[in-house]
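In what follows, every chain begins at residue 1, and chains take the letters A, B, ... in the order their sequences are listed.
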Amino acid sequence: MGKYNFTEIEKKVRAEWEKHPINIYDDKKPRFYCLDMFPYPSGKGLHVGHWRGYVLSDVLSRYKILRGFQVLHPMGWDAFGLPAENFAIKNNVHPSAGVAENVENFRRQLKEISAVYDWSREINTTDPEYYRWTQWIFVRMFKHGLAYEKEMPLNWCPKCKAVLANEEAVGGECDRCHTPVTKRMLRQWMLKITAYADRLLGGLDSLDWPEKVKKMQSEWIGKSYGAEIDFPVAGADEAIKVFTTRPDTLYGATFMVLSPEHPLAERITVESQLEEMDEYRRKAAAKSSVNRMADRNKTGVFTGSYGINPLNGEKIPIWVSDYVLIDYGTGAIMCVPAHDERDFEFAKKFGLPITEVISRDGKPSEELSEAYIGEGFMINSGAFDGTPSGEAKEAVADYLEEKGIGTKTVNYKLRDWVFSRQRYWGEPIPIIHCEKCGAVPVPEDELPVLLPEVASYQPTETGESPLANMDSWVNTTCPRCGGPAKRETNTMPQWAGSSWYFLRYADPHNQTALADKDALKKWLPVDYYVGGVEHAVLHLLYARFYTKFLYDIGAVEFEEPFIKLFNQGMITNKGHKMDKSGDNSVSPDEIVRRYGCDSLRMYELFVGPPELDSEWDERSIEGVNRYLNRVWKLIEDSCLKSVKADRRMKQIRNKMIYEITNRLERWSLNTVVSGFMEYTNKLADIARQAGGLDKETRDSLIIMLAPFAPHIAEELWRITGREASVFNERWPEADETMLAEDTVTVALQINGKLRDSITVDAEASRDEVLAAARQALSERLDGKEIVKEIYVPGRIVNFVIKG
RNA sequence: GCGGGUGUGGCGGAAUGGUAGACGCGGCGGACUCAAAAUCCGCUUCUGGCGACAGAGUGGGGGUUCAAGUCCCUUCACCCGCACCA
């Protein structure tokens with residue numbers, strides 16, 4: 001009889017699994033693809049917060065194996081990106097050297113989890129054999145007109161010295177370093193994700209994802225219906241196009257506002273206003289977007305020009321204000337102060353007229369103290385007077401189309417994806433610029449375009465990649481005409497490699513395609529995807545876009561890559577997120593050494609509901625460790641004294657199986673762990689009385705424990721005399737006829753207040769139970785009139801009494 | 001402002017409308033021990049009482065119901081996401 005020596009057991013069991021791996025793949029079995037978001041292998045290593053998602057997905061994978069599935073559960077490295085490059089700059093080593101070192105450490109740490117990862121499928125986005133296909137997808141997008149170059153004002157992070165996609169500059173801050181971004185005019189590669197806006201939105205419905213993430217994506221895409229309307233500029237041969245979702249309010253448009261960046265802003269400003277306008281526009285340009293968003297006081301300058309309301313011919317003043325954004329809609333708006341809060345504010349501040357065109361009851365209001373944005377009936381709107389505003393949206397828009405002064409349109413917040421980065425450590429964009437032929441893609445059979453060695457990785461201030469200084473690499477010949485040409489020197493963003501990696505796992509060593517069609521068909525799409533919520537509008541949106549494109553070119557046969565998404569909660573320490581910055585991060589290495597992998601695995605589940613944030617508490621791990629000690633002792637003892645199961649033992653076994661399976665299926669993993677504790681305690685009691693446990697009960701407990709604490713389960717399986725792995729077994733089934741107890745405790749209430757409880761035969765009839773209840777409560781019921789008797793079988797009796 | 005989430009003992013947290021506080025941590029008491037650690041057993045929501053017991057109790061206020069942590073209305077606090085999106 002030994003003590004539960006987890007260090008020794010885990011070492012031994014791991015060695016066994018190395019020698020005789022659990023046989024997972026078997027085409028006779030149904031398949032299940034369970035995926036973790038692959039990590040960026042940072043220099044800091046993993047903390048116990050990372051473990052949570054990895055443990056969740058591994059519990060599911062192992063459970064599915066016991067349920068008779070073949071399970072693909074892979075792991076890899078998203079290893080391009082700035083930290084590796086910054087590390088390289090600081091230490092004057094090649095980024096790949098740092099990456100190799102970090103990957104090694106990450107792999108070691110991940111192996112400590114003892115997940116059933118198929119390490120033979122490990123991938124690394126920085127491997128040329130991998131990024132060959134990242135480049136191939138880009139070339140295909142280029143050929144389909146989805147990758148294009150454009151010069152435009154872009155988000156620029158002064159610290160990272162690179163442009164950012166809109167998704168990386170949310171709230172006007174760099175997603176990575178939180179530096180306020182500035183705008184810079186640059187020529188960059190873009191991916192036309194907007195061409196997929198509608199499908200990216202529509203596809204969300206079919207997904208079993210957290211509502212929150214679906215909502216975030218749908219708001220990011222930001223579809224709205226409305227109309228574009230042309231407002232002629234009085235006395236000029238110009239028209240200003242505006243977008244509005246409220247064509248029904250057009251009669252109430254009493255002024256217009258252009259964004260400071262609008263091309264007409266300067267042109268239509270009259271001489272006397274020009275100085276003030278220039279000053280205003282200069283200030284707006286200098287304001288960081290953070291400031292511009294934070295300061296909600298309306299400011300603006302009158303251009304001195306007027307527009308013509310195309311419906312009623314009224315002359316309305318045109319202003320310039322920074323509350324109008326250049327990159328949404330047309331960068332110009334018609335302003336209806338009576339029915340828009342922002343326009344109302346602006347009108348009040350600058351003394352502009354306010355015309356009510358919709359009222360709740362169809363009668364004009366005395367005075368508007370605030371904008372009325374609700375529904376109602378149209379007034380002051382010519383022929384439309386009296387129309388309900390809901391109908392009027394359509395009616396006015398139709399009328400505008402008829403008259404040729406407007407068109408119904410759909411507008412999106414989603415912008416095209418800024419895809420090039422002015423940094424070294426990324427996939428080179430496989431394009432060659434030829435003076436004669438323009439941008440020419442590198443022929444597919446010449447991919448990958450290898451990332452060359454350079455003398456310095458230092459990013460530049462100019463918006464040029466460090467690759468631009470490598471004349472010998474930059475100068476090449478045009479694949480089309482053979483003339484002199486230059487390579488594109490920008491690299492791809494970090495998101496490129498992660499936008500399709502889940503496909504590569506199906507067939508990671510394929511030399512002729514991104515993955516074999518049959519392998520893709522076998523494993524994809526991903527059945528269960530586990531990761532943090534922080535990628536809601538980054539990786540998860542990009543991956544969906546890539547998948548839809550690959551579907552369109554026939555490379556894959558599905559449009560949505562991830563059927564089910566689960567966002568695990570964070571592990572916090574003293575209320576704060578454990579993150580890279582370090583101080584409050586707890587390393588799993590030390591915890592595993594002190595309590596063992598199985599204890600930490602179970603603790604990560606026990607800590608709280610998997611979808612909620614939970615506070616790290618090391619003392620609770622000791623509790624889990626004590627629990628595993630008790631299991632060890634129980635099984636070991638019961639092996640010495642095997643007994644035949646009596647009715648009571650069978651009942652408890654079946655209840656245990658039923659309860660734990662139920663909780664697991666409901667993904668209530670914290671209560672699965674408490675269920676193990678509860679039933680192990682009960683079994684220990686029974687075993688004390690009966691002198692041992694029966695074989696079937698013992699086996700059921702071990703098998704069910706296996707996905708959660710695989711090492712101890714495997715070793716206990718040996719102790720009970722088995723040669724083969726516990727993972728060859730099947731998850732036990734509960735015999736539902738054995739769930740009922742022989743006796744039940746019934747709570748007794750009077751007027752809903754608990755007064756007593758009685759234990760009765762489970763088979764007892766309603767009358768028998770009520771009689772027993774009356775008997776038990778006789779003193780309290782004496783002389784009272786029972787108005788009503790409620791009996792919930794096996795649970796409760798409630799007497800409603802009077803007097 | 002909009003969207004999402006969370007409020008339950010000293011702490012983490014359990015509860016298909018049916019005995020609130022499972023399970024664990026911590027605490028208290030006991031067994032074992034020369035002793036300690038480990039382990040095992042018992043108690044542990046609060047208030048009052050030696051006590052059996054009584055009363056209160058799931059952020060606050062209302063409501064539905066024989067019965068509400070759970071359903072409805074309302075309100076407060078904290079966390080997260082988005083935010084002048086026309």
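Close to rC53(B), at under 4.0 Å from its OP1 or OP2, lies no side-chain N or O of Arg780(A). Look at Asn670(A) and you won't find any side-chain N or O under 4.0 angstrom from OP1 or OP2 of rG12(B). Contact check, Arg666(A) against rA15(B): a side-chain N or O comes under 4.0 Å of OP1 or OP2. Within the structure, every side-chain polar atom (N or O) of Tyr323(A) is placed at least 4.0 Å from both OP1 and OP2 of rA86(B).
Nucleotide rC40(B) is matched to rG30(B) when pairs are restricted to Watson-Crick or G-U wobble geometry with both distances under 3.5 angstrom. When both pairing distances are held under 3.5 Å, rC2(B) makes a Watson-Crick or G-U pair with rG81(B). Pairing of rU16(B), defined by two Watson-Crick or G-U wobble distances under 3.5 Å, is not identified with any nucleotide. When both distances must be under 3.5 Å, the Watson-Crick or G-U wobble mate of rA54(B) is rU47(B).
For the pair Lys655(A) and Tyr658(A), the cation-pi test (distance below 6.0 Å, angle within 45°) is failed.
Comparing the same atom, C1', in rG48(B) and in rC32(B) gives a spacing of 38 Å after rounding to whole Å. When the P atom is compared between rG61(B) and rU8(B), the two are found 16 Å apart, to the nearest whole Å. Of the P atoms belonging to rG4(B) and rU74(B), the separation is 15 Å, rounded to the nearest Å. Across the P atoms, rG62(B) and rC50(B) are found 34 Å apart, a figure rounded to whole Å. For rA38(B) and rA52(B), the C1' atoms lie 39 Å apart once the distance is rounded to whole Å. Between rU19(B) and rG10(B), the two C1' atoms lie 24 Å apart (nearest whole Å). Of the C1' atoms belonging to rU58(B) and rG9(B), the separation is 10 Å, rounded to the nearest Å. When the C1' atom is compared between rG24(B) and rA31(B), the two are found 23 Å apart, to the nearest whole Å.
For Phe255(A), the side chain to side chain contact (heavy atoms under 4.5 Å, CB included) partners two or more places apart in sequence, or in a different chain, are Val257(A), Pro317(A), Tyr323(A), Cys335(A), Pro337(A), Asp343(A), Phe346(A), Ala347(A), Leu352(A). The side-chain hydrogen bond (donor to acceptor under 3.5 Å, both in side chains) test applied to Arg755(A) returns no partner, not counting sequence neighbours. Ala690(A) is linked by a side chain to side chain contact (heavy atoms under 4.5 Å, CB included) to Met649(A), counting only residues two or more places apart in sequence or in another chain. For Val744(A), the side chain to side chain contact (heavy atoms under 4.5 Å, CB included) partners two or more places apart in sequence, or in a different chain, are Val746(A), Val760(A), Ala762(A). Contacts of Lys408(A) classified as side-chain hydrogen bond (donor to acceptor under 3.5 Å, both in side chains), with partners at least two apart in sequence or in another chain: Glu394(A), Asp398(A). Scored by the side-chain hydrogen bond (donor to acceptor under 3.5 Å, both in side chains) test, Thr745(A) finds no partners at all (sequence neighbours excluded). Annotation: side-chain hydrogen bond (donor to acceptor under 3.5 Å, both in side chains) contacts of Asp617(A) (sequence neighbours excluded): Ser620(A). For Phe302(A), the ring-ring contact (aromatic ring centres under 6.0 Å, His included) criterion is met by Tyr306(A), Trp319(A), not counting sequence neighbours. Qualifying side chain to side chain contact (heavy atoms under 4.5 Å, CB included) partners for Glu370(A), counting only residues two or more places apart in sequence or in other chains: none.
If you check rG81(B), rA86(B), rC41(B) against the side chain of Met216(A), the one that comes closest is rG81(B). The listed nucleotides are rC84(B), rG13(B), rA83(B); the one nearest the side chain of Val170(A) is rA83(B).
Nearest-nucleotide mapping onto RNA chain B: of Asp613(A) and Lys753(A), the residue sitting toward the 5' end is Asp613(A). Toward the 5' end of RNA chain B, the nearer of the two residues Glu219(A) and Gly329(A), judged by each one's closest nucleotide, is Glu219(A).
For rG27(B), the base is anti relative to its sugar; the glycosidic angle deviates from 0 by more than 90°.
The distance from atom CD1 of Ile240(A) to atom C1' of rA86(B) is 15 Å, rounded to the nearest whole Å. If you take CG of Asp175(A) and C1' of rC82(B), they are 14 Å apart, rounded to a whole angstrom. Here rG24(B) presents its P atom at 12 Å from CZ of Arg663(A), a figure rounded to the nearest Å. One can place CG of Leu538(A) at 13 Å from C1' of rG81(B), the figure rounded to the nearest angstrom. Per the geometry, NZ belonging to Lys633(A) stands 8 Å off C1' belonging to rU39(B), to the nearest Å. In this entry the distance linking CD of Glu665(A) with P of rU16(B) reads 17 Å, nearest Å. In this entry the distance linking CD of Glu779(A) with C1' of rA52(B) reads 12 Å, nearest Å. Residue Leu777(A) contributes atom CG, which lies 16 Å from atom P of rU19(B) at whole-angstrom precision.
Pro210(A) comes within 4.0 angstrom of nothing in the nucleic acid, heavy atoms only. No engagement by Asn411(A) is indicated, since no non-hydrogen atom pair under 4.0 Å with the nucleic acid exists. Across all strands, Asn681(A) comes closer than 4.0 Å only to sugar-phosphate atoms, never to a base (heavy-atom distances). Nucleic acid contact for Thr671(A): sugar-phosphate only, since backbone atoms but no base atoms lie under 4.0 Å from a heavy atom of the residue. Residue Val607(A) is classed as a sugar-phosphate contact, given heavy-atom separations below 4.0 Å to backbone atoms only. Using a 4.0 Å heavy-atom distance criterion, Tyr627(A) is classed as making no nucleic acid contact. As judged by a 4.0 angstrom heavy-atom cut-off over every strand, Lys298(A) is placed among the base-contacting residues. When heavy atoms are screened at a 4.0 angstrom cut-off, Arg415(A) is found touching no nucleic acid atom at all.
Asp198(A) has a carboxylate O that lies under 4.0 Å from a charged side-chain N of Lys223(A), or vice versa, which qualifies the two as a salt bridge. The residues Arg626(A) and Glu622(A) are annotated as salt-bridged, a charged nitrogen and a carboxylate oxygen being separated by less than 4.0 angstrom. Salt bridge Lys393(A)/Asp248(A): absent, no basic N to carboxylate O contact under 4.0 Å. Of the charged side-chain nitrogens involved, none lies within less than 4.0 Å of a carboxylate oxygen, so that Glu345(A) and Lys349(A) do not count as a salt-bridged pair.
Remark: Arg619(A), Gly623(A), Arg626(A) in residues 614-626 of chain A come within less than 4.0 Å of RNA chain B through at least one heavy atom.
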Anything under 3.5 Å between a protein N or O and an N or O of nucleotides 4-9 of chain B, put it in a table, one pair a line.
none

Pick out the pairs of N or O atoms, protein on one side and nucleotides 66-68 of chain B on the other, that lie under 3.5 Å.
unit_1, atom_1, unit_2, atom_2, d
rC66(B), O2', Asn798(A), ND2, 3.1
rC66(B), O2, Asn798(A), ND2, 2.8

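Taking the six-membered ring for Trp and the full ring otherwise, the centers of Trp616(A) and Tyr603(A) sit less than 6.0 Å from each other.
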